[in-house]
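Notes follow once the structure below has been shown.
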Amino acid sequence: MTETITGEPANSPHPLSRARAEQHDRDDPLALMRRRFDLPGGLIYLDGNSLGALPRGVAARLGEVTRHEWGDKLIAGWWQGWMDLPRQTGARIAPLIGADPDHVVACDSTSLNLYKLAAAALLARPDRSVILSDADNFPTDLYMFEGLSTLMGKAVELRTVPRAAIMDHLTTDVALLSLSHVDYRTAEQWDMAALTHAAHKVGALSLWDLSHSAGAVAVDLAGAQADMAVGCGYKFLNGGPGAPAYLYVAPDLCNTLVNPLSGWMGHQAPFDFAPRYQPAEGIDRFACGTPPVLGLAALDRALEVFADVDLPALYAKGQALCALFLALTKDLPGICALSPTKDIPRGCHVALSHRQAKTIMAQLASRGVVGDFRPPDVMRFGFSALYCRYVDVWDAAHALALEIGKSEDGLSDNQAHPSPPHPAP
Ligand SMILES: *Cc1c(COP(=O)(O)O)cnc(C)c1O
């Protein structure tokens, strides 16, 4: 076989051709994972970073919990598995975030978990007043810290600074550095170990939001010596709409941090009905109220998908899908990539800007290519390596090129097109 200078066999399809994408799918060791999901036919779903697809088996599990556990066992269900679900589900998430299973619990929403852990950090650093975060962090993270600062009066200041200025603002008055490991808009990734180390050097604690990381990119909380983390159950973990979130607290802090939302499920002995709060040992103290059994059962079952997945291969495929999409769209007129285009760590989604972004995303959705729009002009495409194929990437890029061609020809105007679907978290 003759070879070109780049080492490609001369008769091999062009690297950016559809035939080549098909070849990648044939060679993909993870291709069969797609069968673990119930995906509607004819749809290219690129929004798994916002709401993951439905894993097969979840609907049956929910039916079983509803009919046989709730229906037949009634209140006995609490002692036949339901009480174990927060920790059992947390233990399934642990390998995806580089944590010991005993230090992760599935509970509440990401917003609530942020609040609990940020307040715990402030209580642990009583001589400090600042929560430092990135000005472009996900809104709920900033809103929760703002609310906490309002509650604490002048005692707490939320300091938000541009991404590039974070290091300069890590001063000795910082109690907590809280960042989203992968930026929800641009997919930029922080160096968790380096930032955590810098926080520790000035005596601050670190709290990482893994909502756009877990299940998509490698995370090593223990290796980075991160203090605390939270994340979402319904994005790359596929736990379903409004799935419970999770939280992590490092082993050395588990028994010293104080959960300000001291609900009875974080009590040492909830069913003693004691008059005073006494925190449980370990991670259990960060729970608050009664676990949402149906939501946890769905998330727990959804996480089974990951049990035998080759994680390094999964993460590598996610990066390859994003790189292919970036390469296929880089020369489209009016397009600007907001995500890192170099081979540096990024999340598993790609953000592009275009002045007609809103219209284009609505048109793509009507062609069966589902991504999402973020104001003012951002198009987001999520590539969940468990069920996205290389041909999906190619077809989506092709559809995008056609839509952009139309909008550049002036054929497109906002009135003539349907509005995009309502935004979702
Ligand atoms: C999706 C997401 C959330 C969502 O929080 P909820 O409380 O589940 O609504 C929080 N933070 C980040 C970074 C997210 O991406």
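Since this is a predicted model, take the numbers as computed values, not measurements. All ligand and atom numbering here is 1-based and tracks the order in the structure. Here, residue 1 is the first one in the sequence, and each next residue gets the next number.
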Element-labelled atoms of ligand 1 that are located less than 4.0 Å from some non-hydrogen atom of [X]:
X: Lys235; result: 1 (C), 2 (C), 3 (C), 14 (C), 15 (O)
X: His212; result: 15 (O)
X: Ser109; result: 7 (O)
X: Thr140; result: 5 (O), 10 (C)
X: Asp209; result: 10 (C), 11 (N), 12 (C), 13 (C)

- prompt: Which side chain to side chain donor-acceptor pair (under 3.5 Å) pairs, counting each pair once, include a residue from residues 122-151, with sequence neighbours left out?
  reply: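 The answer is Ser111-Thr140, Ser133-Asn137, Asn137-Ser180.
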task: May I have all residue pairs that pass side chain to side chain donor-acceptor pair (under 3.5 Å) and include part of residues 241-266, sequence neighbours excluded?
output: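 Counting only pairs at least two positions apart or across chains, no side chain to side chain donor-acceptor pair (under 3.5 Å) contact touches residues 241-266.
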- prompt: Which class fits the ring pair Trp78 and Trp82: parallel under 30°, tilted 30 to 60°, perpendicular over 60°?
  reply: perpendicular
query: What class does the angle between the rings of His267 and Tyr277 fall in, given that below 30° is parallel, 30 to 60° is tilted and above 60° is perpendicular?
result: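 Answer is perpendicular, since the angle exceeds 60°.
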task: Answer with yes or no whether Ala245 contacts ligand 1, where contact means a heavy atom under 4.0 Å from a ligand atom.
output: no
task: Could you tell me whether the side chain of Pro251 reaches within less than 4.5 Å of the side chain of Asp100, counting heavy atoms only?
output: no
task: Determine, using ring centers only, whether Trp79 and Phe271 are less than 6.0 Å apart.
output: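 Yes, the ring centres sit under 6.0 Å apart.
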task: Check whether any N or O atom of Tyr234, backbone or side chain, sits under 3.5 Å from an N or O atom of ligand 1, and answer yes or no.
output: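 Right, the criterion is met.
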- request: Would you kindly specify which portion of Asp141 sits under 4.0 Å from ligand 1, judged on non-hydrogen atoms: side chain, backbone, both or neither?
  value: side chain
- prompt: Counting only heavy atoms, which portion of Ser180 has something under 4.0 Å from ligand 1: side chain, backbone, both, or neither?
  reply: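 Side chain only.
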- request: Would you check, one step at a time, whether the test side-chain hydrogen bond (donor to acceptor under 3.5 Å, both in side chains) holds for Trp208 with Thr196?
  value: CA-CA 9 Å; Trp208 293 94; Thr196 300; 3.0 Å; yes
